[in-house]
Number of protein chains: 2
Amino acid sequence: MNAGEQRVRKPRADVQRNRAALLETAQRHFLRNGVGTSLDAVAREAGLGPGTLYRHFPTREALLAAVLQSLQTCSEELVARQAEIDQLSDADEVLEQWLRAMEEYFSTFSGLSDPLMAAAQAQAPDDPLRIPCDIFISATDKYVKAAQSAGHVRTSIRGYDLFLAACSIAWIKSNGANEQSLDRLRTLLASGYRERDEKA
Amino acid sequence: MNAGEQRVRKPRADVQRNRAALLETAQRHFLRNGVGTSLDAVAREAGLGPGTLYRHFPTREALLAAVLQSLQTCSEELVARQAEIDQLSDADEVLEQWLRAMEEYFSTFSGLSDPLMAAAQAQAPDDPLRIPCDIFISATDKYVKAAQSAGHVRTSIRGYDLFLAACSIAWIKSNGANEQSLDRLRTLLASGYRERDEKA
DNA sequence: ACCTGAACACCGTTCAAGT
DNA sequence: ACCTGAACACCGTTCAAGT
């Protein structure tokens, strides 16, 4: 065995168990109370000390990122949705559906848009939420480029812009907007990014 | 004097002094630390007990609303800006400038967009921030209607929608977006609300 | 190596005691 | 009538003591 090689030791059984309990409890609390939920209460209900939570997940963002990754329901739903979307023939429709799928994912927990938006623009490259953000941004970029080469989206638009827009819509929604307002905003947005016919 | 008449007694001198000290200190703390700043620290630095702050301003929103109202600089600047804007001949330009003016006002304190957005959509009609929100919304409505009758803005748009949009931009900005992203989003938005020529 | 939970320094809020 | 500040119930975070 090479001396420089990383040793990936299998974690102790209780460590694995604790981590799973924390994730499971945190997920429930995030779903019920939003991203601002008490971490003390999470540790307590998981039957662990606050210190244990803190070492497993040094920041709220780290816990949030881990919970998001472990959330099978949402990830699978998103992947399934993405598969459906990729089947669509109309590149315009594809983009619209993808924006809705993102918006719904960002509404998984109330208040999730805030740390996501912060992570998307963070100076610190080690924000744990950067990973999901970057995935969403590059996926959006793919769809935007496809729609652009089909002539449906203005060339000045980037995937990043529409990621920010979808995040904003989710933010407005989590602040209690009604569906009519949201729909008008979505329409507003769509008319903004769609290619318009130049005046002759 | 009628028995049912409201007696508006002049407040005691120390009460007036305390209120002024709280507002002045709170303003400084909001400016420096954003809307989430410690209210305890505000009371302490104003030389008062936390209970005094709490009776003058029962919630953070109440304090925030009072500080906004007392912020001469910003209000005056906004009024002056509005006067300038009203002089413009182009109704399209007017609306665009107004949206920028709102956006800047919403950036007075970091994080101000959050309570404003909440207040704009609150069920509770007694949220103290509803007053500034309603002022902004109806002003936006006025500008939108003017632009619409000049044929510059789609008729499906309401002032409320563009208020939400300006609030979102300020929110994105307060999360550290760079100016290029913001500009692309503003352009995106403007192409969305502008009247487009129907295909022949 | 990992967990534990007491301890610390903070919050916002209340309320009995003062003036 | 208004102010005061101790008291309360919460935070998140750290770290010495355990296993």
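Every heavy atom of this structure was used, including side-chain atoms; hydrogens, water molecules and symmetry mates were not. Letters go in sequence order (proteins before strands), and every chain restarts at 1.
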Readout for nucleotides 4-12 of chain D: B = base within 4.0 Å of protein heavy atom, S = sugar-phosphate only, - = neither; 5' to 3' it is BBB----SB
Separation of dC3(C) atom P from Arg19(A) atom CZ, nearest Å, is 12 Å
Query - Leu48(B)-Leu53(B) co-clustered via ILVMFWY side chain contacts under 4.5 Å - result: yes
Does Leu31(A) have more than 12 heavy atoms from other residues, nucleotides or ligands lying within 6.0 Å of its CG? yes
- SB check Arg186(B) Glu103(B) (cutoff 4.0 Å): yes
Short side-chain N/O contact from His56(B) to OP1 or OP2 of dC2(D), under 4.0 Å: no
- Message: Taking the side chain as everything from C-beta on, heavy atoms only, tell me whether Tyr193(A) gets closer than 4.5 Å to Leu162(A).
- Response: yes
Margin query: If the threshold is 4.0 Å, N to carboxylate O, is there a salt bridge linking Glu179(B) and Lys173(B)?
Written below: no
Looking at Arg158(B) and Asp141(B), does any basic side-chain N land under 4.0 Å from a carboxylate oxygen?
-> no
Here DNA chain D, pairs taken as Watson-Crick or G-U under 3.5 Å and shown with ( ), [ ] when crossing and | when to another strand, reads ||.|||||...|||||.||
(Q) Please determine whether a side-chain nitrogen of the Lys or Arg among Arg100(A) and Glu96(A) lies less than 4.0 Å from a carboxylate oxygen of the Asp or Glu. (A) no
Separation of dT13(D) atom P from Phe57(A) atom CZ, nearest Å, is 14 Å
Check your understanding: Between Leu63(A) and His56(A), is a side-chain contact (heavy atoms from CB on, under 4.5 Å) present by the stated rule, with each step listed?
Key -> CA-CA 8 Å; Leu63(A) 178 57; His56(A) 276 270; over 6 Å; no
Atom CG of Leu63(B) and atom C1' of dT13(C) are separated, to the nearest Å, by 15 Å
